[in-house]
Amino acid sequence: MRSGFFVNDVVAKENAVVELMRLSPLADELAERFARAGHRLYLVGGSVRDALLGRRSGDLDFTTDARPDRVLKIVSEWGDAVWDVGIAFGTVGVTKKGMQLEITTFRADSYDRVGRNPEVTFGDTIEGDLLRRDFTVNAMAVELATKTFIDPHDGLSALREKVLDTPATPQESFADDPLRMLRAARFAAQLGFTAAPRVVDAMTSMAGEIDRITAERVQAELSKLLLADDPRPGLELLVDTGLADRVLPEVPGMRLAIDEHHQHKDVYQHSLTVLAQAIELEKTHEPTSEPDLVLRLAALLHDVGKPATREFQPGGGVSFHHHEVVGARMARKRLRALKYSKEIVDDVSQLVFLHLRFHGYGKGEWTDSAVRRYVTDAGPLLTRLHKLVRADCTTRNRRKAAALQATYDDLEARIAAIKAKEDLDRVRPDLNGEQIMELLGIKPGPDVGKAWKFLKELRLDRGPLEHDEAVAELKKWAAEQGIGNT
């Protein structure tokens with residue numbers, strides 16, 4: 001938040017109007033069209049909130065007393081493109097000079113509180129529309145024709161104090177739309193805000209209501225939360241209120257396992273630290289890239305298999321043998337339940353499966369064959385795996401941490417040296433399928449696949465072979481297997 005932005009409420013409101021006008025001269029232009037048509041137009045919600053926070057908002061949200069058909073008529077000749085996909089809910093979309101605008105008629109919806117979809121009814125006042133908004137920091141508006149700041153629920157004070165509260169009671173708000181509980185956690189992550197005590201109480205007592213929300217909508221909120229600069233406050237709010245038990249139970253489940261390094265309260269806290277360190281590595285390695293959802297999910301879930309594999313050792317030690325195998329399976333199951341794409345499910349579960357393998361490297365004892373297999377098994381995930389493994393070092397022992405990082409530096413140097421001599425990114429057998437069939441005198445079928453797999457393993461073990469050497473090895477193997485005309 002900008003220093004001195006909230007000198008007092010009057011100045012802040014004036015600043016909000018000035019900032020919004022500066023950010024989008026299109027708003028003034030559009031407001032004039034609505035005024036000529038006899039209607040009022042307001043900037044509302046996140047657009048106003050972000051202007052007060054000094055954040056640039058990519059899209060602008062408007063609300064108006066004009067009904068949807070009337071809105072369409074007003075903007076149809078003005079916009080570069082107009083779409084009415086959401087018109088049943090009162091929303092008309094417009095693109096103008098590269099900006100995306102959404103204009104929604106005042107809403108005064110009612111909910112059956114069984115599902116999530118409201119019975120859409122249109123309202124007549126801005127005050128009624130703001131009352132149905134999720135949080136007071138999103139329930140501020142600017143009337144564009146008069147440049148008037150409208151804040152009936154004191155969202156400005158909440159914004160100044162970084163508090164998330166609801167315009168109506170939290171119980172009413174969350175009963176109408178339980179997704180708002182996840183949005184509270186997401187805003188805690190994105191904005192660094194703290195949920196008001198009454199909001200936390202309602203989230204805790206009403207956590208079961210989230211079961212009314214589809215997996216796709218839950219997934220979308222969780223993804224936005226994880227893609228924030230600091231997801232930790234949002235995740236902690238989900239866990240503390242019991243919402244995580246409903247939507248991502250593997251995360252609070254990690255509180256049951258004691259970290260074998262005894263450097264964290266539990267594996268849950270360790271995983272939050274790994275997530276934070278993975279995000280820091282994102283920013284360090286690719287500062288201009290978008291946040292990496294796959295890496296962040298893998299960092300959060302990399303140890304979910306520990307509770308199920310925990311064994312207490314004589315002398316007070318704890319082991320988690322094969323937790324990476326169990327964890328990969330658990331991560332896959334949860335991400336599928338949340339309707340993540342197959343690509344995300346596969347990538348995250350593979351990273352969880354591979355995250356522990358580096359610890360067999362020791363002091364560089366791996367053969368070149370082992371290094372090749374590490375790279376090949378990671379495939380296109382190798383860069384992410386590098387970050388995940390480095391982030392997984394959370395020991396407070398500086399000497400031990402430095403030794404682990406130096407060892408991984410050595411592994412990366414080994415990978416680079418082998419890559420300089422051979423194409424590790426696309427390890428293939430030295431003979432292709434057509435060559436295999438010709439040399440062995442066989443037709444397409446399972447035997448070709450077996451021969452290809454043998455040559456692939458040989459390639460991983462010994463590196464690239466000369467053609468004659470590969471042919472000799474193939475024929476020797478085929479004779480042992482009784483395959484072909486060898």
Side-chain angles (χ1 to χ4, degrees), residues 1 5-21 23-24 27 30-31 34-35 39-55 57 60-67 71 89-91 102-111 118 120-177 179-181 183-184 187 191 193-199 201-202:
M1 190 175 296
F5 203 72
F6 291 114
V7 176
N8 59 57
D9 284 359
V10 173
V11 172
K13 292 173 183 177
E14 290 175 351
N15 284 345
V17 174
V18 170
E19 180 74 358
L20 285 164
M21 294 304 99
L23 288 176
S24 182
L30 188 59
F34 273 79
H39 295 286
R40 290 170 291 171
L41 186 69
Y42 304 79
L43 264 169
V44 71
S47 302
V48 178
R49 179 199 69 220
D50 287 345
L52 282 164
L53 290 173
R55 294 158 51 104
S57 183
L60 297 176
D61 295 326
F62 300 84
T63 188
T64 179
D65 58 333
R67 294 305 191 248
V71 173
F89 296 95
T91 299
E102 287 194 349
I103 306 162
T104 303
T105 301
F106 292 158
R107 296 271 291 274
D109 302 336
S110 60
Y111 294 77
V120 178
T121 55
F122 299 126
D124 298 308
T125 67
I126 184 63
E127 291 77 14
D129 181 87
L130 295 177
L131 179 63
R132 55 168 287 279
R133 304 259 164 184
D134 52 3
F135 300 105
T136 59
V137 294
N138 295 329
M140 299 177 285
V142 174
E143 185 175 8
L144 295 170
T146 62
K147 307 297 187 291
T148 303
F149 189 88
I150 301 168
D151 183 17
H153 305 288
D154 204 14
L156 193 61
S157 294
L159 201 65
R160 182 192 302 108
E161 295 164 12
K162 297 187 176 183
V163 172
L164 285 171
D165 206 346
T166 52
T169 68
Q171 288 78 10
E172 289 177 285
S173 182
F174 299 156
D176 281 348
D177 184 1
L179 190 68
R180 289 171 174 170
M181 295 187 287
R183 286 171 61 83
F187 285 130
L191 302 175
F193 285 15
T194 301
R198 69 172 192 159
V199 169
D201 289 345

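Only this structure's heavy atoms are used, side chains among them; waters, hydrogens and symmetry mates stay out.
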Asker: Are Thr105 and Arg67 close enough, and set up right, to give a side chain to side chain donor-acceptor pair (under 3.5 Å), and what steps lead you there?
Answerer: CA-CA 6 Å; Thr105 301; Arg67 294 305 191 248; 5.9 Å; no
Asker: Could you pull out all residues at least two apart from Asp201 that satisfy side chain to side chain donor-acceptor pair (under 3.5 Å)?
Answerer: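 With neighbours one apart ignored, the set is empty.
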Asker: Should Leu159 and Arg49 count as side-chain neighbours, where that means a heavy-atom distance under 4.5 Å?
Answerer: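 Heavy-atom side-chain distance check passes, below 4.5 Å.
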Asker: What I'd like to find out is whether the side chain of Asn138 reaches to under 4.5 Å of the side chain of Phe187, using heavy atoms alone.
Answerer: yes
Asker: Excluding sequence neighbours, so at least two apart, what forms side-chain contact (heavy atoms from CB on, under 4.5 Å) with Ala31?
Answerer: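 Expected list: Leu41, Leu144.
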Asker: Could you tell me which residues satisfy side-chain contact (heavy atoms from CB on, under 4.5 Å) with Pro197, sequence neighbours excluded, listed by chain and number?
Answerer: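 Here no residue qualifies.
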Asker: Would you say the side chain of Phe34 lies within less than 4.5 Å of the side chain of Arg40, judging by non-hydrogen atoms?
Answerer: no
Asker: With Asp165, which residues qualify under side chain to side chain donor-acceptor pair (under 3.5 Å), at least two apart?
Answerer: Arg198
Asker: List in chain and number order the residues that pass side chain to side chain donor-acceptor pair (under 3.5 Å) with Glu143, two or more places apart in sequence or in another chain; answer none if no residue qualifies.
Answerer: Thr146
Asker: Does the ring center of Phe149 lie less than 6.0 Å from the ring center of Tyr42?
Answerer: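 Here the rings of Tyr42 and Phe149 have centres that are no less than 6.0 Å from each other.
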Asker: According to side chain to side chain donor-acceptor pair (under 3.5 Å), who are the partners of Asp61, at least two apart in sequence or on a separate chain?
Answerer: none
Asker: Are any of the side-chain nitrogens in Arg180 or Asp134 under 4.0 Å away from the carboxylate oxygens of its partner?
Answerer: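 No, no charged N to carboxylate O under 4.0 Å.
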Asker: Would a 4.5 Å heavy-atom cut-off, applied to side chains only, mark Thr194 and Leu164 as touching?
Answerer: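 The answer is no, as the side chains (C-beta and beyond) never meet within the 4.5 Å cut-off.
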